[in-house]
Amino acid sequence: MTAITFENASQIQRDEVVELYESVGWMAYTVNPDLLLGALQGSHSIVTARDDGRLVGLARAISDGVSIVYLQDILVRPTAQRQGVGRQLVSILLGAYEGVRQKVLITDVEEKQRAFYESLGFTESHDHDPGIRAFVHFTN
């Protein structure tokens, strides 16, 4: 593996993004690639990681840029995991939102994810002091 490069992305190719999402098993996103691309285009910011030009990671934010930022779709190709790629993606992404008070993300219930996000300074809502509540409404 060569040195991984990170950049704020404005354009991502359809095939490479579908391949990345499929590499981590996020097939619900790739069933309709047009919707996935629409979601990416509607993002406030996107940071990508590339290894010799190949897309190996992506993180995106949805935000008003002032009071709240929602981190979405933080993913790293399995061959590039455990090398600091995810940490760097989040660090670069959040760097644009230093003055934003609320930084939010929702993720699956897996211990490795909890440990990763806690290492970045996040706290699960039910562990926050003072207490806070998080409500979610999903449509299947």
Side-chain angles (χ1 to χ4, degrees):
M1 186 173 292
T2 61
I4 294 177
T5 58
F6 298 87
E7 67 180 5
N8 291 307
S10 58
Q11 289 283 352
I12 301 175
Q13 299 301 313
R14 175 189 180 118
D15 291 344
E16 69 178 352
V17 81
V18 168
E19 181 185 341
L20 176 63
Y21 277 69
E22 287 178 347
S23 79
V24 296
W26 290 10
M27 305 311 202
Y29 288 82
T30 62
V31 170
N32 188 332
D34 291 334
L35 288 179
L36 174 58
L37 289 175
L40 292 171
Q41 291 167 353
S43 299
H44 194 254
S45 59
I46 300 173
V47 177
T48 58
R50 293 184 181 275
D51 182 6
D52 197 26
R54 183 178 188 210
L55 185 64
V56 296
L58 177 146
R60 69 183 181 108
I62 301 163
S63 180
D64 60 15
V66 178
S67 64
I68 191 165
V69 58
Y70 178 83
L71 281 69
Q72 176 66 26
D73 294 1
I74 302 161
L75 60 158
V76 176
R77 186 178 297 279
T79 57
Q81 291 177 2
R82 313 269 325 143
Q83 298 177 40
V85 175
R87 177 175 300 281
Q88 187 69 16
L89 284 167
V90 173
S91 176
I92 293 168
L93 189 64
L94 288 181
Y97 301 97
E98 287 182 8
V100 174
R101 181 173 174 255
Q102 296 180 64
K103 297 170 181 82
V104 180
L105 68 92
I106 297 172
T107 190
D108 298 328
V109 179
E110 293 182 20
E111 273 309 304
K112 66 180 180 177
Q113 290 174 339
R114 179 182 174 127
F116 173 70
Y117 291 117
E118 284 180 345
S119 77
L120 294 171
F122 285 86
T123 304
E124 280 202 61
S125 61
H126 65 270
D127 292 340
H128 196 274
D129 184 24
I132 60 172
R133 288 187 175 150
F135 297 91
V136 180
H137 181 263
F138 282 99
T139 304
N140 292 336

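All of these numbers come straight from a predicted model, not from anything done at the bench.
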Does any part of the side chain of Y117, heavy atoms only, come nearer than 4.5 Å to the side chain of I74, both counted from C-beta? yes
Within the 4.5 Å heavy-atom criterion, are E19 and Q13 side-chain neighbours or not? no
Could you name each residue pair satisfying side chain to side chain donor-acceptor pair (under 3.5 Å) that touches residues 86-96, not counting sequence neighbours? R87-S119
Heavy-atom closest pair, residues [X] and [Y]:
{"X": "F6", "Y": "A49", "value": "CE2-CB, 3.6 Å"}
{"X": "P78", "Y": "S23", "value": "CG-O, 3.3 Å"}
{"X": "A9", "Y": "T48", "value": "CB-CG2, 3.6 Å"}

Rounded to the nearest 0.5 Å, the CD atom of E124 sits from the CZ atom of R114 at a distance of 4.0 Å
Rounded to the nearest 0.5 angstrom, the NE2-CG distance for H44 and L93 is 10.5 Å
Acceptor/donor pairs from residues 98-107 side chains to any protein atom, 3.5 angstrom cut, sequence neighbours excluded:
| residue | atom | partner | partner atom | Å |
| --- | --- | --- | --- | --- |
| K103 | NZ | Y97 | O | 3.4 |
| K103 | NZ | V100 | O | 2.5 |
| T107 | OG1 | Q113 | OE1 | 3.1 |

D15: side-chain hydrogen bond (donor to acceptor under 3.5 Å, both in side chains) partners, not counting sequence neighbours: none
Summary of salt bridge (charged side-chain N to carboxylate O under 4.0 Å, His left out) pairs that have at least one residue in residues 20-33, sequence neighbours excluded: none
Scan the side chains in residues 60-68 for donor-acceptor partners under 3.5 Å anywhere in the protein, sequence neighbours excluded, and list what turns up.
| residue | atom | partner | partner atom | Å |
| --- | --- | --- | --- | --- |
| R60 | NE | D73 | OD2 | 3.0 |
| R60 | NH1 | A39 | O | 3.1 |
| R60 | NH1 | S43 | OG | 2.8 |
| R60 | NH2 | D73 | OD2 | 3.4 |
| S63 | OG | G65 | N | 2.7 |
| S63 | OG | I68 | O | 2.6 |
| D64 | OD1 | V66 | N | 2.8 |
| D64 | OD1 | S67 | N | 2.8 |
| D64 | OD1 | I68 | N | 3.2 |
| D64 | OD2 | S67 | OG | 2.7 |

Between L71 and L94, is the side-chain contact (heavy atoms from CB on, under 4.5 Å) condition met? List the steps. CA-CA 9 Å; L71 281 69; L94 288 181; 3.6 Å; yes
Residues clustered with Y29, ILVMFWY side-chain links under 4.5 angstrom: I12, V17, V18, L20, Y21, V24, W26, L36, L37, L40, I46, L55, L58, L75
